[in-house]
Amino acid sequence: MTTLAPFGARLRQALDTRGQLCVGIDPHASLLSAWGLGDDVAGLETFSRTVVEALADRVAVLKPQSAFFERFGSRGIAVLEACTAEARAAGALVVMDAKRGDIGSTMAAYAETFLAPDSPLFSDALTVSPYLGFGSLQPAVDLARASGCGLFALALTSNPEGAEVQRAVAADGESVAQGVLRRLAAENAGAQPLGSFGAVVGATLTEAGVDLAVNGPLLAPGVGAQGATAADLPRVFGDSVRNVVPSVSRDVLKHGPSVPALREAAQRFIDDVSSITKG
């Protein structure tokens, strides 16, 4: 079905050659305004094309937040399609931040939207919600594996409200988050050099308190504007820090619309993370 190498292998190579960084493409209305753009489809297109021009040939991962495109309806989705295709063509891996989660044929349809190679929104990986039961994600797991794509399942998110579900403990003493991580580890068993099924784990956590050794990537929002720094990563992620993909949005995007300034901001984060994880 695919000629792509598994996502985990492609991500490992990208992180090792381009550095550990994911930049979100999050066209908030306030950011569009700060760039001198209108809060409309034209502004959305200029914003996304500028970020892709500045970063897609040099950062490992770009992560469009689907909601900020969806709010403009079909014309916004068209911009998202172009943004995704252009970013991938320039060499970045695209993680679609859509946090989809459902059951049966509906989950399969979500998977086909973002993980089927012939889809206009085909992405290298997709964020998913496992809170209808991890097994509900099976259609996405199957299609991702067949397409050479990956998934990032919400495990321990950076928002404080997440703890009421994610830290909840089952009768056997295992937390909900640990159960998600255990299932991800099973999907990644034997994968080399890195599995394709990762977790979203906030960099803002005081401590993870779970086993993060899932043999897969760990997408880590919260670096930058939310308060976490590169220096926090070893405390949260321990021995798994080499597999962390720190995600930064506002602290890079605020430097636009200047292409050189966007590149310089991204490089500073790459260098900061490298000094911690490789130094």
Side-chain angles (χ1 to χ4, degrees), residues 6-24 26 55 58-63 65 92-97 99 124-128 130 150-159 162 166 177-178 180-185 187-188 191-252 265-279:
F7 173 70
R10 294 187 290 125
L11 179 62
R12 177 79 277 155
Q13 182 180 26
L15 297 177
D16 291 347
T17 57
R18 294 188 171 198
Q20 289 174 248
L21 184 66
C22 166
V23 177
D26 296 359
L55 301 178
R58 61 198 63 217
V59 302
V61 179
L62 288 176
K63 182 173 66 65
Q65 170 47 259
L93 297 177
V94 171
V95 173
M96 185 61 68
D97 195 355
K99 299 182 180 70
D124 296 286
L126 172 68
T127 59
V128 292
L151 299 176
F152 286 95
L154 304 177
L156 285 172
T157 54
S158 56
N159 63 307
Q166 297 156 13
Q178 188 63 74
V180 171
L181 293 162
R182 173 175 51 79
R183 297 290 293 270
L184 291 170
E187 295 295 342
N188 291 326
Q192 294 292 334
L194 187 67
S196 297
F197 300 98
V200 179
V201 178
T204 53
L205 299 173
T206 303
E207 60 178 359
V210 291
D211 183 2
L212 295 174
V214 299
N215 189 33
L218 301 168
L219 185 64
V223 176
Q226 293 185 50
T229 68
D232 295 316
L233 299 178
R235 171 179 51 77
V236 177
F237 295 96
D239 292 341
S240 298
V241 73
R242 184 170 173 265
N243 297 333
V244 171
V245 188
S247 181
V248 181
S249 296
R250 281 170 288 177
D251 268 23
V252 171
Q267 191 61 51
R268 283 195 295 272
F269 278 103
I270 291 170
D271 292 343
D272 286 349
V273 173
S274 178
S275 69
I276 296 296
T277 62
K278 299 178 182 178

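Values reported hereafter were calculated over all heavy atoms of this structure, with side chains retained and with hydrogens, waters and symmetry mates removed. Worth saying up front: this structure is predicted, and the values here are computed from it rather than measured.
The shortest heavy-atom contact between Ala153 and Val180 is CB-CG1, 4.1 Å. Shown here for Gly195 and Ala191, the closest heavy-atom pair between the two residues is CA-CB, 3.6 Å. Across every non-hydrogen atom of Val59 and Ala266, the tightest pair is CG1-CB, 4.1 Å. Between Ser275 and Asp272, the closest heavy-atom pair is OG-O, 2.7 Å. Minimum interatomic distance between Ala155 and Ala177 (heavy atoms only, all atoms of both residues): O-CB, 3.5 Å. Summarising the geometry of Phe152 relative to Ala125, their closest heavy-atom pair is CE1-CB, 4.0 Å, with the distance given to 0.1 Å.
Put simply, the side chain of Asp211 reaches to within 4.5 Å of the side chain of Gln178, judged on heavy atoms. Here the side chains of Ser247 and Val223 are not in contact, with every heavy-atom distance at 4.5 Å or above. For the pair Asp271/Arg268, no side-chain contact is recorded, criterion being any heavy-atom separation below 4.5 Å from C-beta on. Within the 4.5 Å cutoff, side-chain heavy atoms of Leu233 are placed close to those of Val273. The closest side-chain heavy-atom distance from Val23 to Phe269 is not below 4.5 Å. Between Arg12 and Gln192 the shortest side-chain heavy-atom distance does not fall below 4.5 Å. Under the 4.5 Å side-chain criterion, counting only non-hydrogen atoms from C-beta, Thr277 is not in contact with Arg242. Between Phe237 and Asn243 the shortest side-chain heavy-atom distance does not fall below 4.5 Å.
The structure places CG of Leu93 at 5.5 Å from CZ of Arg10, a figure rounded to the nearest 0.5 Å. Note that CG of Leu184 is 8.5 Å distant from CG of Leu151, once rounded to the nearest 0.5 Å. To the nearest 0.5 Å, the span separating CD on Gln267 from CG on Leu55 amounts to 10.5 Å.
Within the 3.5 Å criterion, the main-chain N or O of Ser196 finds a donor-acceptor partner in the side chain of Asn188. Checked by atom type and distance alone, the side chain of Thr17 pairs as donor or acceptor with a backbone atom of Gln13 at under 3.5 Å. Remark: the backbone N or O of Pro246 is not paired with any side-chain donor or acceptor of Gln20 at under 3.5 angstrom. Distance alone, capped at 3.5 Å, places no donor-acceptor pair between the Asn215 side chain and the Ala185 backbone.
Of the candidates Leu11, Leu218, Leu21, Leu11 is the only one forming a side chain to side chain contact (heavy atoms under 4.5 Å, CB included) with Val245. The side chain to side chain contact (heavy atoms under 4.5 Å, CB included) test with Asp97 is passed by exactly one of Val200, Leu126, Leu219, Thr127: Thr127.
We find that Asp232 and Arg235 are joined by a salt bridge, their nearest charged nitrogen and carboxylate oxygen being less than 4.0 Å apart.
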